[in-house]
Amino acid sequence: MAKTFGASMLVGVGWFVTGVTAAVVGEWSVPEQPDRDCSGFGACLSLLDILPVIVFVAGVPLLLVLLMVTAAVTRLKLPAALAGTLSAALTAAVIGAGVALYGATR
């Protein structure tokens, strides 16, 4: 089980790295706006400027949830690729539900 767990964890982390990489490539492909008003705090920050902060702040809870979900999914005796993909999808759903719940209570 340990071999399957490690491989599943790597597949799950790989999905999230792929998502962050897609966001970076998408941000690089957007042309610069000619006239920007930068008078407000953080008004001229792009996604690429704040991405390290987002990854650092969201990375720890994401990895903890991924760790717990992967531990549960690998007990189903699925192949590592399928278990990792399922773990990443369930982790995204759990984090999304948590963010939605937080937004609803504010």
Side-chain angles (χ1 to χ4, degrees):
M1 181 166 140
K3 194 173 191 179
T4 304
F5 176 78
S8 300
M9 205 50 195
L10 283 175
V11 170
V13 169
W15 277 110
F16 288 109
V17 169
T18 302
V20 169
T21 304
V24 168
V25 169
E27 184 69 22
W28 275 336
S29 65
V30 175
E32 187 73 27
Q33 296 177 355
D35 296 325
R36 294 174 67 175
D37 179 24
C38 294
S39 59
F41 177 72
C44 287
L45 292 176
S46 70
L47 176 64
L48 292 176
D49 295 332
I50 61 172
L51 188 65
V53 174
I54 292 172
V55 168
F56 181 73
V57 170
V60 174
L62 185 95
L63 283 176
L64 289 175
V65 172
L66 181 63
L67 182 72
M68 290 185 292
V69 171
T70 304
V73 168
T74 53
R75 293 183 183 270
L76 299 175
K77 304 290 185 198
L78 298 172
L82 181 59
T85 302
L86 186 60
S87 296
L90 291 173
T91 299
V94 167
I95 296 291
V99 168
L101 184 64
Y102 176 74
T105 59
R106 286 193 95 211

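The basis for the numbers below is simple: all heavy atoms, side chains too, and nothing from hydrogens, waters or symmetry mates.
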J.: Report whether L82 and L90 are members of the same hydrophobic cluster (ILVMFWY, side-chain heavy atoms less than 4.5 Å apart, transitive linking).
T.: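 Yes, because L82 and L90 connect within a single hydrophobic cluster, where side-chain heavy atoms sit under 4.5 Å apart.
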J.: Hydrophobic clusters here meaning ILVMFWY residues chained together by side-chain heavy-atom distances under 4.5 Å, can you tell me if V17 and V25 are in one?
T.: no
J.: Pair up each side-chain donor or acceptor in residues 92-105 with any protein partner under 3.5 Å, not counting sequence neighbours, and list the distances.
T.:
| unit_1 | atom_1 | unit_2 | atom_2 | d |
| --- | --- | --- | --- | --- |
| Y102 | OH | R106 | NE | 3.2 |
| T105 | OG1 | L101 | O | 3.3 |
| T105 | OG1 | Y102 | O | 3.0 |

J.: Go through T91 and W15 one step at a time and tell me if the side chain to side chain contact (heavy atoms under 4.5 Å, CB included) criterion holds.
T.: CA-CA 11 Å; T91 299; W15 277 110; over 6 Å; no
J.: Assigning hydrophobic clusters by single linkage (Ile, Leu, Val, Met, Phe, Trp, Tyr; side-chain heavy-atom cutoff under 4.5 Å), is L63 placed with V11?
T.: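 L63 and V11: separate clusters.
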J.: For residues F56 and V20: do they belong to one hydrophobic cluster (side chain heavy atoms under 4.5 Å, members Ile, Leu, Val, Met, Phe, Trp, Tyr)?
T.: no
J.: Return the set of residues passing side chain to side chain contact (heavy atoms under 4.5 Å, CB included) with L64 (not counting sequence neighbours), or none when no residue passes.
T.: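 Only V60 meet the side chain to side chain contact (heavy atoms under 4.5 Å, CB included) criterion with L64.
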J.: Please name the pair of heavy atoms, one in S8 and one in A83, separated by the smallest distance, quoted to 0.1 Å.
T.: OG-CB, 3.4 Å
J.: Would you compute the distance between atom OG1 of T21 and atom CZ of F16 and round it to the nearest 0.5 angstrom?
T.: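 Those atoms lie 13.0 Å apart.
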J.: In a check of side chain to side chain contact (heavy atoms under 4.5 Å, CB included) between V69 and each of L66, L67, V73, which one passes?
T.: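 Testing each of L66, L67, V73 against V69, the sole residue satisfying side chain to side chain contact (heavy atoms under 4.5 Å, CB included) is V73.
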